[in-house]
Amino acid sequence: MENYSEQEAIRRQKLAKLKELGVEPYGEKYDVTDYAADILGRFGSSGDIPEGQQVALSGRLITIRAHGKASFANLQDKSGQIQIYVRQDDIGESEYEIFELFDIGDIIGLTGEVFRTRRGEITVAVKTFRPLVKALRPLPEKWHGLTNVDLRYRQRYLDLIVSPEVKKVFVLRSKLVQEIRNYLNEQDFLEVETPMMHSIAGGATARPFTTHHNALDMNLYLRIATELHLKRLIVGGMDKVYELGRIFRNEGISTKHNPEFTSVEIYQAHADYNDMMRLTEELIATVAQKVLGVQTVTYMEKELDLTPPWPRLTMIEAIRKYANIDFDQISTDEEAQNAARQKGMDVKKGAVRGELMNEIFEEYVEKHLFQPTFIVDYPIEVSPLAKRKADDPSMTYRFEAFMAGSEIANAFTELNDPDDQRRRFEQQVAKREAGDEEAQMLDEDFLMALEYGMPPTGGLGIGIDRLIMMLTDSPSIRDVILFPTMRHKE
RNA sequence: GAGCCAUUAGCUCAGUCGGUAGAGCACCUGACUUUUAAUCAGGGUGUCGAUGGUUCGAGUCCAUCAUGGCUCACCA
């Protein structure tokens, strides 16, 4: 007992007392017929409540106001809270004695009749009740709730109990994800599941997590993208597929990055990146409309208008506009290096035009892209899986969508020339051998698939967590991930 | 990985110049049968993140470490 805090010890004493009185503190399933929000909705904010409105509900006691031989309390269930009223005269002395052993945090089931108090609050006058579970630890304070972010993430269940707005975000997340699926399913896309453990981590430039399979004595990577497997399915004739699921990248943690995050990748044969742009803006606007009822949301105190069509700007135009550099006038690596140096950037030896273009874009342009914007046509050096533009072989049919200064989607007309793909992989391997741990690996098996022939295809990836951030006005990715990655605490 | 900040009761926080630890909520005792941040009277429940050091004396000063947040770097 000496390890328990005073409050825990007292709760355990009450637990023992309940058992002494012949009451099982960990009750069986309770037959619930009503939920708090439904009851409140049924009777409105004023007016008489007819007699005989019987209800049965269960939930957690969130506040208790004892007045001697009667008590008020608030009961919280999945729908919200409702006040309950317990009177010794109504339930009898021995039952009231049991009720007095309840603490904030306990879960009980009860039946009663709905009435309106003098002050007008809809309340359930309890007739019968039963303990369902005794809480052995006290809940966080009712007024300030749980604000210690460390505890909020590590003990998310407490955050959910005491912070309705936190719960609301995760309910919205669930609905938004469901609507993404609905939208894609209605468009005749097929949801598939591909391996999460890869022998080659491909489809993105990122450092993977590694693991090991004992029976096969084989090292495996957790996937960093779903791309290469989904394209194999396109080769296989599954013309419209998507996968919505977890991706793992062994990189930094920030308000925009969690080591595991959720993406949806969508592939459509006989489509190109223009089709993917339309799909992106329609998909996002539609799910916002369906779940939030609007296409204009507030993010960080600014209006974010999701209504299609979103503006399209080539990367070269965007750089000209925000960084005042005209890459149409820059054709060599040396000229690009000079332009970057003039901007005050640290230019690596041997940096090439396409990489510098991308760096300048990320440094000077991205942060300006608050309203949803498509940045179109990316340099080939940073787009090893995208198809080369017919009219400019240094550029690809690729776009990224930006919202609130963050990249939320990446898409291209897929590269389906296996020989070109092999050369691009080989360039990545060379970068890798030069020490770039994020450069891609050569996936021979994927190249073989391409050699069987992949039809012209548009592919799209959307970062679900970031999209949810924007749609729920959440400043940190940890606000939209129930259990964000945390350091292990001793 | 770097810089800055934080860590005190179950929770939210104060703690002055280094002098034996404080408040609100929660909790305990008593009163109270329509309250609602219930009220009234009483009660402080603590390894001051950890370990060293300085000092007669450390929550407070110094060092190291741990955890978290923010910013930067990396990344989506």
Side-chain angles (χ1 to χ4, degrees), chain A residues 3-11 13-14 62-74 81-91 93 96 103-105 115-125 135-155 158-159 161-163 203-208 224-225 247-265 346 359 362-363 366 400-403 405-410 436-438 461-467 469 475-478 484 486-490:
Chain A
N3 287 334
Y4 298 129
S5 71
E6 184 206 27
Q7 296 199 35
E8 288 176 272
I10 288 163
R11 281 165 184 255
Q13 284 162 19
K14 291 180 180 172
I62 238 55
T63 60
I64 299 174
R65 295 176 292 283
H67 295 69
K69 298 192 168 43
S71 294
F72 288 93
N74 283 78
Q81 288 187 20
I82 190 165
Q83 177 166 269
I84 64 170
Y85 180 51
V86 186
R87 249 164 53 115
Q88 185 174 286
D89 287 355
D90 291 343
I91 63 171
E93 212 168 303
Y96 196 75
D103 286 305
I104 290 171
F115 75 107
R116 196 182 294 279
T117 64
R118 226 178 260 163
R119 294 275 199 94
E121 179 158 354
I122 293 167
T123 301
V124 178
L136 296 177
R137 292 170 183 266
L139 286 181
E141 198 224 12
K142 63 179 173 189
W143 197 240
H144 298 92
L146 193 63
T147 59
N148 180 323
V149 286
D150 189 13
L151 292 183
R152 282 189 48 217
Y153 299 146
R154 289 181 199 275
Q155 294 182 275
L158 291 180
D159 201 21
I161 290 169
V162 301
S163 309
T205 49
R207 289 163 67 178
I224 57 172
I247 302 288
F248 308 87
R249 296 191 183 174
N250 203 342
E251 285 163 352
I253 295 181
S254 78
T255 50
K256 289 181 183 174
H257 302 86
N258 196 64
E260 49 179 318
F261 63 102
T262 300
S263 79
V264 60
E265 285 194 35
D346 203 16
E359 279 176 36
E362 287 176 353
E363 178 76 20
E366 265 190 34
E400 291 190 336
F402 290 85
M403 274 166 60
S406 275
E407 179 196 334
I408 56 148
N410 178 23
D436 183 352
E437 287 184 64
E438 286 165 10
I462 298 174
I464 296 291
D465 311 273
R466 286 194 182 168
L467 179 63
M469 284 169 68
S476 168
I477 198 166
R478 295 188 195 94
M486 302 287 278
R487 209 180 287 265
H488 178 68
K489 210 166 188 175
E490 292 298 318

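Each chain gets a letter, A, B and so on, in the order its sequence line appears, and its residues count up from 1.
- For A:E6, the side-chain contact (heavy atoms from CB on, under 4.5 Å) test picks out A:I10, with sequence neighbours left out.
- Using a 4.0 Å cut-off, no side-chain N or O of A:S254 falls inside it from OP1 or OP2 of B:A73.
- Between B:A76 and B:U16, the distance separating the two P atoms is 47 Å to the nearest Å.
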Heavy-atom contacts, protein to nucleotides 25-38 of chain B, under 4.0 Å, summarised as B (base), S (sugar-phosphate only) or - (none) per nt, yield BBSS---BBBBBBB
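- Between B:C48 and B:G18, the two C1' atoms lie 15 Å apart (nearest whole Å).
- Within the 4.0 angstrom heavy-atom criterion, base atoms lie near A:G252.
- Distance alone, capped at 3.5 Å, is enough to place a donor-acceptor pair between the A:D465 side chain and the A:T262 backbone.
- As judged by a 4.0 angstrom heavy-atom cut-off over every strand, A:I247 is placed among residues making no nucleic acid contact.
- Distances shorter than 4.0 Å separate some side-chain N or O of A:R487 from OP1 or OP2 on B:G68.
- Using a distance-only test at 3.5 Å, with no hydrogens or angles considered, a donor-acceptor pair links the side chain of A:S476 to the main chain of A:R478.
- Here the side chain of A:E141 pairs a donor or acceptor atom with the backbone of A:H144 at under 3.5 angstrom.
- Using a 4.0 Å heavy-atom distance criterion, A:T255 is classed as a sugar-phosphate-only contact.
- Shown here are the side-chain contact (heavy atoms from CB on, under 4.5 Å) partners of A:S254, two or more places apart in sequence or in another chain: A:K256, A:H257.
- For RNA chain B, if you chain together Watson-Crick or G-U pairs that step i with j, i+1 with j-1 and so on, the runs of at least three with distances under 3.5 Å are B:1-7 with B:66-72, B:10-13 with B:22-25, B:27-31 with B:39-43, B:49-53 with B:61-65.
- Applying the side-chain contact (heavy atoms from CB on, under 4.5 Å) criterion to A:E260, with sequence neighbours excluded, gives A:R246, A:F248, A:N258, A:T485.
- Here A:Y153 lies in heavy-atom contact (under 4.0 Å) with sugar-phosphate atoms only.
- Here A:E438 lies in heavy-atom contact (under 4.0 Å) with sugar-phosphate atoms only.
- Scanning for side-chain contact (heavy atoms from CB on, under 4.5 Å) contacts around A:Q88 gives A:K69, A:E93, A:Y96, with sequence neighbours left out.
- Place A:M486 and A:K256 on RNA chain B by their nearest nucleotides, and A:M486 ends up nearer the 5' end.
- Dashed line: the shortest gap from a side-chain N or O of A:T262 to OP1 or OP2 of B:A76 is not under 4.0 Å.
- The same atom, P, is picked in B:C62 and in B:U67; the two are 22 Å apart, to the nearest Å.
- Backbone-only contact: A:R478 has heavy atoms under 4.0 Å from sugar-phosphate atoms and none from a base.
- Closest to the side chain of A:N148, from the set B:A76, B:G68, B:U12, is B:U12.
- Distance check on atom C1': B:C32 versus B:U7 gives 41 Å, rounded to whole Å.
- Comparing atom distances between the A:D150 side chain and each of B:U12, B:G68, B:G69 picks out B:G68 as nearest.
- No engagement by A:G461 is indicated, since no non-hydrogen atom pair under 4.0 Å with the nucleic acid exists.
- Classification of the A:F72-A:Y85 ring pair by plane angle, with boundaries at 30° and 60°, yields parallel.
- Listed for the A:R207 side chain is no donor-acceptor partner under 3.5 Å among the backbone atoms of A:E251.
- Taking both residues in full, the closest heavy atoms of A:S71 and A:A66 are given as OG-CA, 3.5 Å, listed atom of the first, atom of the second, then distance.
- With both ends at atom P, the span from B:U54 to B:G68 equals 32 Å, rounded to whole Å.
- Among the protein residues, A:N258 comes within range of the nucleic acid bases, having at least one heavy atom under 4.0 Å from a base atom.
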